K.L.:
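Sharing a structure here in structure tokens format.
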Amino acid sequence: MANQIVLKSKFLGGMVGSALGDAIGELAFRGLGEAGLRSAITQTDALIYTDDTVMAIGLAESITQVGQLDEQHLGDTFRANFKREPWRGYAAGPPTVFSLVERHGTSYSGAARSLFGGQGSFGNGAAMRIAPVGLFFHDSPDLYEQARASASVTHAHPIGVDGAAVLAWAVAQAVKLAPQGAFPFEEFSQGLVDCARTPEIWDKMVLVRTLIAEEVPPPDAARRLGRSVAVHESLPFAIYAFLRHPKSFEACLFCAVLNGGDRDTLGAMGCAILGAYLGVEAVPQAWGEKLENRKHIEDLALKLVEMKE
Ligand code: AR6
Ligand code: MG
């Protein structure tokens, strides 16, 4: 069991890392190469995050206030944060859920189940915000069910849930691993495969392992893994970026956000794992200092650690 100092660093790393990945991924939509993106980061006064981080913050706020995942409280927190800042780049699903709850008094999970013709959403929204769940429940035997509960207020499709649960497992496993020494690629990549419960995510976890083992370069890997906002076409490349560069925050981040696709979310997902593995010391200080609302994000990470004591 990691001691409290290590846990603090890892919880801060997971939360701040994910938020920075989101904010820098959003900058990468300008179509820059690595040098251009580095200079854009240097020139900007503040790194502004998107809906991915607003919802991760909402999850952490709800868990720290209630002590567990509570559908009504989590949904209300997400909805209040959306109403305060609707301009953060939300896709259609979550605002539709909030509106159904307000206009018809539907439950959050009921509204979520009604989306997309009654299938529920398989967008990457449940996975993009999962960092606090993977961190806080890293030692829970029912991590998959906790991830499902965190997804259920907006993402009811089994693939949407599975993507969130697999990323929660990756973050949780990263918390438990010592950052010194070689990264246990075989064990970690097998764990991802074992965690997946839908064929769509399972197939991609098998493919990620193969692409890394065969050293397939990032542009080819991104093309083969997918580049859409569906979770089975974005989470896999974020995991590829982490597995290819588990020892460098910068390399993982640039790989995640510079190969097309849903760049902010790829950055948020890949850097959530990286930060939870290496800890906050791995995050470039100059970038961290520019992160918008960093104090609140750090306070939430520290509260989550304190609740584990
Ligand atoms: N059938 C068809 N298309 C679907 C389905 C489905 N069952 N589920 C999702 N989509 P959404 P999110 C498509 O709206 O997951 C922001 O930019 C559909 O086109 O539930 O929170 C974030 O930063 C739908 O609009 O929202 C992330 O990048 C889209 O997937 C992303 O959006 C997204 O699902 C997260 O979106
Ligand atoms: Mg976003």
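Note that ligands are numbered from 1 as they come in the structure, with each ligand's atoms numbered from 1 the same way. What you see is a predicted model; the values in this text were computed from it and never measured.
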K.L.:
Side chains of His296 and Glu61: any donor to acceptor distance under 3.5 Å?
P.N.:
yes
K.L.:
Flag the pair Phe122 / His232 as yes when their ring centroid distance falls below 6.0 Å, and as no otherwise.
P.N.:
yes
K.L.:
Under a 3.5 Å cutoff, is there a donor and acceptor pairing between the side chains of Asp262 and Ser234?
P.N.:
no
K.L.:
May I ask you to list the protein N, O or S atoms found at less than 2.8 Å from the Mg ion (ligand 2)?
P.N.:
Thr50 OG1, Asp51 OD1, Asp52 OD1, Asp264 OD2
K.L.:
Near ligand 1, which residues have a heavy atom under 4.0 Å away from one of its atoms?
P.N.:
Asp51, Asp52, Gly89, Ala91, Ala92, Gly93, Pro94, Phe116, Gln119, Gly120, Ser121, Phe122, Gly123, Asn124, Gly125, Met128, His155, Val229, Asp262, Asp264, Thr265
K.L.:
The criterion is ring pair (Phe, Tyr, Trp, His ring centres under 6.0 Å); which residues satisfy it with Phe188, sequence neighbours excluded?
P.N.:
Trp169, Phe183, Phe242
K.L.:
For the side-chain hydrogen bond (donor to acceptor under 3.5 Å, both in side chains) test, which of His155, Gln72, Glu71 pairs with Ser109?
P.N.:
Glu71
K.L.:
Between Arg209 and Gln190, do the side chains contain a donor N or O and an acceptor N or O under 3.5 Å apart?
P.N.:
yes
K.L.:
If the condition is ring pair (Phe, Tyr, Trp, His ring centres under 6.0 Å), which residues does Trp202 pass it with, not counting sequence neighbours?
P.N.:
none
K.L.:
Taking atom types as modelled and ignoring hydrogens, do the side chains of His73 and Ser62 form a donor-acceptor contact shorter than 3.5 angstrom?
P.N.:
yes
K.L.:
Test the Arg197-Tyr144 pair against the cation-pi criterion, namely NZ or CZ under 6.0 angstrom from the six-membered ring centroid and within 45° of the ring axis.
P.N.:
yes
